[in-house]
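Below is one structure, written out as C-alpha cells; the observations come after it.
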Amino acid sequence: MTLLGQMSKDLLVPKGGLVYLMRSAPHRYKVFPIPKHSGKGQRIIAQPAREVKRLQYWVIKNLFPRLEIHPAATAYIHGRNIRYNTEIHSQLPYILKLDLKDYFPSLKGDDFKRYASNHSGLSLSDEEVDHLVRLLFWQRDKDSQLQLSIGAPSSPGLSNALMYSFDSEIFSFCNANGINYTRYADDMAFSMREKEKRGDALRKVTEILEVMESPKLHINDGKTVFGSKAHRRMLTGLILTNDGRVSLGREKKRRIRSQIYHFIKGDLSDTKRQYLQGMLSFSKDVEPEFIRRMEKKYGIETLNSI
C-alpha cells in the first residue's frame, strides 16, 4: 500500500484531504520567540497546528523506525541520554567540544530528498518524498527554504537521520585515530589520550563541513572548547571527574539539597516542587549514589513524598 493509502486507512482521512493538508502544512505553524539559554538573542519556536501534528505523529510511528541513524548520535533515541553521551568520554583526559550553529534551521527539505534517495530501505516514490517534505518541514516565509522547525515532534528524530552521512564520516576518522566521538543534537564531543588530537579533530570537522553538500552546517566558533583534566570538564551539562566518573556537579547537588530542605520546612511552592521531582528523577539516572546519600540523610519516605 502507498504511503497516502496507509495513512488514509489508519487515520480515517480521505486521500484528497491528506494531500491538501500536506500542501498547506508548511504554513500551519504557530510561531513565537523564546530567550536563548545564554540570554543573548531569541530562539524561534514554530509549533505545527494540531491537524499537522497528528500526521507527523503517524510518520514518527510508521516511517521513522526505517530511518538509518548512526550510533554516534545520542540524542532523541530510546535507551540513550546525556549520561550515555557523557560516559563514553569519561575515561580519556582530553576533550574537544564543538557546537553546530542554527542546527534545526540548517536542515532543509532538500536534505531529506537527498537522504531518501540514498537510503533504499525507505522505499518511497518521488511523490511520497515530496509529500513528506511538505509535512515535516516548515517555511518561515514565502522566500525561504523549507527547514526543520524547533517545536515539531518530528524534527528531533529526523535531524538524526539527516546527519547520518556526516556522523559516518566523522566517526570513521575518529575511529582510525583513537578518538571517541558522539553527537548530542548540535553538541559534538571528542575525547582522546593525546592533547594534539584535539586540533586534528577540529581540522577534520572543518574540512568536512567546507566540502559537504548536504546538509550545509557551520561551527559556532564561540562555543568551541578545548578541555583537559587540568580544568573542569563538562559535557551536555554533566561533569567528567578526574577519576573517570560522570557527576551532576557541585552546583546542581547544592541546589537539590537546598530544595529538599525547603520542602521539609514547607516553604516549597508547587511549581518548585514539580521541578525538584524532575531533578530527583534526573539525578537518580545520572548519579544514583547521590540519591542514596539524600535518602540516608533525609529518609526514603521524605524523598518519595516530594
Side-chain angles (χ1 to χ4, degrees), residues 1-8 11 15-29 44 46-49 51-70 72-73 75-77 100-171 183 185-186 208-218:
M1 188 177 291
T2 64
L3 180 76
L4 281 180
Q6 190 63 57
M7 188 181 289
S8 175
L11 299 179
K15 290 184 182 179
L18 290 174
V19 171
Y20 173 76
L21 273 176
M22 290 177 176
R23 285 177 177 170
S24 59
H27 311 289
R28 294 173 177 260
Y29 283 76
I44 300 299
Q47 291 185 344
E51 64 274 12
V52 174
K53 192 179 294 185
R54 184 183 180 213
L55 302 190
Q56 291 178 346
Y57 276 122
W58 185 93
V59 173
I60 291 171
K61 179 181 178 181
N62 293 275
L63 182 65
F64 278 23
R66 291 152 54 188
L67 298 177
E68 193 168 12
I69 295 170
H70 196 277
Y76 322 124
I77 299 172
L100 294 170
K101 187 177 181 181
D102 298 327
Y103 177 57
F104 276 10
S106 295
L107 300 174
K108 310 296 186 182
D110 286 344
D111 297 324
F112 179 70
K113 291 182 180 180
R114 186 183 296 267
Y115 175 88
S117 68
N118 292 331
H119 292 77
S120 57
L122 289 179
S123 301
L124 297 171
S125 68
D126 291 344
E127 183 181 34
E128 288 172 331
V129 171
D130 286 340
H131 286 321
L132 287 170
V133 167
R134 303 287 296 179
L135 174 61
L136 301 174
F137 292 81
W138 166 58
Q139 189 168 30
R140 186 165 182 169
D141 56 59
K142 65 178 183 178
D143 297 320
S144 63
Q145 289 181 275
L146 292 170
Q147 63 185 48
L148 284 189
S149 77
I150 303 171
S154 51
S155 291
L158 188 53
S159 73
N160 275 338
L162 299 181
M163 293 292 288
Y164 180 82
S165 295
F166 174 78
D167 287 334
S168 297
E169 194 163 354
I170 296 295
F171 183 84
R183 181 184 55 78
D186 55 351
I208 290 174
L209 291 179
E210 285 178 351
V211 301
M212 189 171 66
E213 294 184 9
S214 175
K216 293 302 295 181
L217 300 164
H218 303 278

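Sequential numbering from 1 along the given sequence is applied to the chain's residues. FYI, side chains are in, hydrogens and waters are out, and symmetry mates aren't considered; it's all heavy atoms of this structure.
Applying the salt bridge (charged side-chain N to carboxylate O under 4.0 Å, His left out) test to residues at least two apart or on different chains, the pairs with a partner in residues 116-135 are K113-D130.
Annotation: side chain to side chain contact (heavy atoms under 4.5 Å, CB included) contacts of A72 (sequence neighbours excluded): H70, F171, Y181. With sequence neighbours excluded, the residues satisfying side chain to side chain contact (heavy atoms under 4.5 Å, CB included) with L67 are F64, Y115, L122, L158, A161. With sequence neighbours excluded, the residues forming a side chain to side chain contact (heavy atoms under 4.5 Å, CB included) with P156 are Y76, F104, listed by chain and number. Among residues two or more places apart in sequence or in another chain, the side chain to side chain contact (heavy atoms under 4.5 Å, CB included) test is passed with Q47 by F32, I45.
For the pair P215/M163, a side-chain contact is recorded, criterion being any heavy-atom separation below 4.5 Å from C-beta on. Residues N62 and M7 are not in side-chain contact: their nearest non-hydrogen atoms beyond the backbone lie 4.5 Å or more apart. Looking at heavy atoms from C-beta onward, Q139 lies in side-chain contact with S144 at the 4.5 angstrom threshold. Here the side chains of L100 and S106 are not in contact, with every heavy-atom distance at 4.5 Å or above. Considering only heavy atoms from C-beta on, S159 comes within 4.5 Å of L148 through its side chain. Contact of the Q6 side chain with the W58 side chain is registered, since non-hydrogen atoms from C-beta on lie closer than 4.5 Å.
For the atom pair NE2 of H119 and CD of E68, the computed distance is 4.5 Å after rounding to the nearest 0.5 Å. A distance of 12.0 Å separates CG in D110 from CD in E213, rounded to the nearest 0.5 Å. From L146, atom CG reaches atom CG of D111 across 11.0 Å, with rounding to the nearest 0.5 Å. The distance from atom CG of L55 to atom OG of S154, rounded to the nearest 0.5 Å, is 10.5 Å. Considering CD1 of I170 and CD1 of I208, their distance stands at 3.5 Å, rounded to 0.5 Å.
Contact detail for L107 and F137: the closest heavy-atom pair is O-CE2, 3.7 Å. Minimum interatomic distance between P48 and A152 (heavy atoms only, all atoms of both residues): CD-CA, 3.7 Å. Across all non-hydrogen atoms, the minimal contact from D102 to P105 is O-CD, 3.4 Å. Of all heavy-atom pairs spanning Y164 and I69, the tightest one is CD1-C, 3.7 Å. For I60 against P153, the heavy-atom pair with the smallest separation is CD1-O, 3.5 Å.
Between the side chain of Q56 and the backbone N or O of L135, at least one donor-acceptor pair lies under 3.5 Å. Not one N or O on the side chain of N160 forms a donor-acceptor pair closer than 3.5 Å with the backbone of G157. Checked by atom type and distance alone, the side chain of R54 pairs as donor or acceptor with a backbone atom of L11 at under 3.5 Å.
Atom NZ of K216 has more than 12 heavy atoms from other residues, nucleotides or ligands within 6.0 Å. Atom CZ of R140 has 12 or fewer neighbouring heavy atoms from other residues, nucleotides or ligands inside a 6.0 Å radius.
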Donor-acceptor contacts under 3.5 Å from residues 15-23 side chains, at least two apart:
none

Trace of the side-chain contact (heavy atoms from CB on, under 4.5 Å) decision for M212 with E169: CA-CA 10 Å; M212 189 171 66; E169 194 163 354; 5.8 Å; no

Intermediate values then yes/no, side chain to side chain donor-acceptor pair (under 3.5 Å), Y29 and S149: CA-CA 9 Å; Y29 283 76; S149 77; 4.6 Å; no

